[in-house]
Amino acid sequence: PTNFVLRVTNNLTIGPNGVLGVCDVRCGGNLQLSGGGKLNVYALPTNSTTRPGNGALVAVTNSMTVGASSWVYAWSDSYSGGSPLFRMQDLTVNTGGGFDATATGYRGNRGKGAGGSGERIRGAGYGGRGGAGQFGGTGGLTYGFTNAPLQPGSGGAVTAAGEGGYGGGFIRVEAAGTVTLNGSLIANGGTSLGYTTYPSGGSGGGVFVRCRNFSGDANGAFQARGGV
C-alpha cells in the first residue's frame, strides 16, 4: 500500500470483513467500520510536506465510528518512527473494537530507547527504563513526554540468535469534538523474534488523544505494555 492515497467526497464505509490498506485518507463525510471491517494505515519513512509532524494522515470531516469486532491498525515506520495521525470531528469506539498498534513501532535496536545489541534479554525503554540484560547490560533509556507522547515504542536488543521485539506503535487522535471510548486503544510492545531462551521485548508504544469532550464506559481501555 506504499503511497496509496484515498480521497472520498462523502461517506466511507468499511463493512463486514472488508479490509483497506492506505497511507493517506481524506473523507469528506463520515468514516465507519462495522461487522469486522479493518483499516490498515501505513506511515511513510519520513515526514512529507503534506503530512507535517506525522507519517500518514486520516482526516475525516465529520464523525469516525469503529464498531464491534472492527479494528484500525496504526503502522509506524520501523526505521524512522513516522506514525499515523487521525483527525475527525467526533470519534466513537464501540465495545469489542478499537485501534491496535501492537508491535508496529520501531524494529529491533531502533528508537531512542532501543535495547542495543550483544546483550541478551536487554529490553527497550520508553516511559520507563527497559529490563537489564542477562549478562549485565542495562536496559533501554526513557524518552518522550509523559503527558504528550509523540513517538512509537523502541525495539529490543538484537543478538546473534535473533532480533528483539518490535516496539508498540503510536496512536494519535485529534478530535475537534467528542471522543467516546467503549473499546480499546492498544499500543503494546512485541515479543522477541527467533530466540525464546533469552527474549528481548520491545517497549510499549504511545497513545495520545486530544479532544474537547471525553467519555466512555467500563469496557474502554488504554494499553501500552512492554513486550517480553
Side-chain angles (χ1 to χ4, degrees), residues 1-9 11-14 18-33 37-66 70-91 93 97-107 110-112 126 144-145 148-155 166-176 179 183-190 202-211 222-224:
T2 302
N3 290 328
F4 176 50
V5 176
L6 180 63
R7 300 284 190 270
V8 180
T9 304
N11 298 326
L12 172 60
T13 300
I14 304 175
V19 179
L20 177 64
V22 296
C23 292
D24 192 291
V25 176
R26 308 295 172 90
C27 177
N30 300 311
L31 171 56
Q32 181 175 10
L33 287 81
K38 294 177 174 58
L39 173 63
N40 290 275
V41 183
Y42 300 91
L44 298 178
T46 57
N47 297 332
S48 70
T49 56
T50 59
R51 302 177 181 89
N54 52 276
L57 177 63
V58 175
V60 182
T61 300
N62 296 326
S63 298
M64 180 174 178
T65 302
V66 182
S70 298
W71 291 91
V72 177
Y73 297 98
W75 296 84
S76 300
D77 181 73
S78 62
Y79 288 95
S80 71
S83 300
L85 168 62
F86 299 86
R87 283 181 175 154
M88 70 291 291
Q89 177 63 34
D90 300 304
L91 171 66
V93 181
F99 288 67
D100 190 355
T102 298
T104 65
Y106 284 105
R107 66 185 305 126
R110 290 276 180 170
K112 293 184 178 180
Y126 193 174
F145 302 96
L150 294 173
Q151 298 178 68
S154 297
Y166 279 49
F170 179 38
I171 299 170
R172 183 175 181 179
V173 173
E174 295 182 356
V179 171
S184 302
L185 303 182
I186 304 169
N188 295 334
S203 62
V207 179
F208 186 16
V209 177
R210 295 182 63 182
C211 58
F222 294 90
Q223 287 185 16

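The side-chain heavy atoms of Phe208 and Leu150, taken from C-beta on, include a pair separated by under 4.5 Å. Between Cys23 and Tyr42, the closest side-chain pair of non-hydrogen atoms falls below 4.5 Å. When side chains are defined from C-beta on, Val93 does not count as touching Trp71, because their heavy atoms never get closer than 4.5 Å.
In this structure, the ring of Phe99 has its center less than 6.0 angstrom from the ring center of Phe86.
Gln89 is linked by a side chain to side chain donor-acceptor pair (under 3.5 Å) to nothing, counting only residues two or more places apart in sequence or in another chain. Annotation: side chain to side chain contact (heavy atoms under 4.5 Å, CB included) contacts of Thr102 (sequence neighbours excluded): Asp100, Ile186, Asn188. Under the side chain to side chain contact (heavy atoms under 4.5 Å, CB included) criterion, Tyr79 pairs with Asp77, Arg107, Arg110, sequence neighbours left out. Annotation: ring pair (Phe, Tyr, Trp, His ring centres under 6.0 Å) contacts of Tyr126 (sequence neighbours excluded): Tyr143. Legend: residues meeting side chain to side chain contact (heavy atoms under 4.5 Å, CB included) with Ala43, ordered by chain and number and at least two apart, are Ala56, Pro84. Taking Ala103 as the reference, Tyr166 meet the side chain to side chain contact (heavy atoms under 4.5 Å, CB included) condition, with sequence neighbours excluded.
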(Q) side chain to side chain contact (heavy atoms under 4.5 Å, CB included), that's the test. Do Val41 and Val25 meet it? Break it down for me. (A) CA-CA 9 Å; Val41 183; Val25 176; 5.8 Å; no

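Within 6.0 Å of the CZ atom in Phe222, the count of heavy atoms belonging to other residues, nucleotides or ligands exceeds 12. Atom NZ of Lys38 is surrounded by more than 12 heavy atoms from other residues, nucleotides or ligands within 6.0 Å.
Rounded to the nearest 0.5 Å, atoms CG (Leu20) and CG (Leu6) are 6.0 Å apart.
With Leu31 as the fixed residue, the side chain to side chain contact (heavy atoms under 4.5 Å, CB included) test singles out one of Thr61, Val58, Thr65: Val58.
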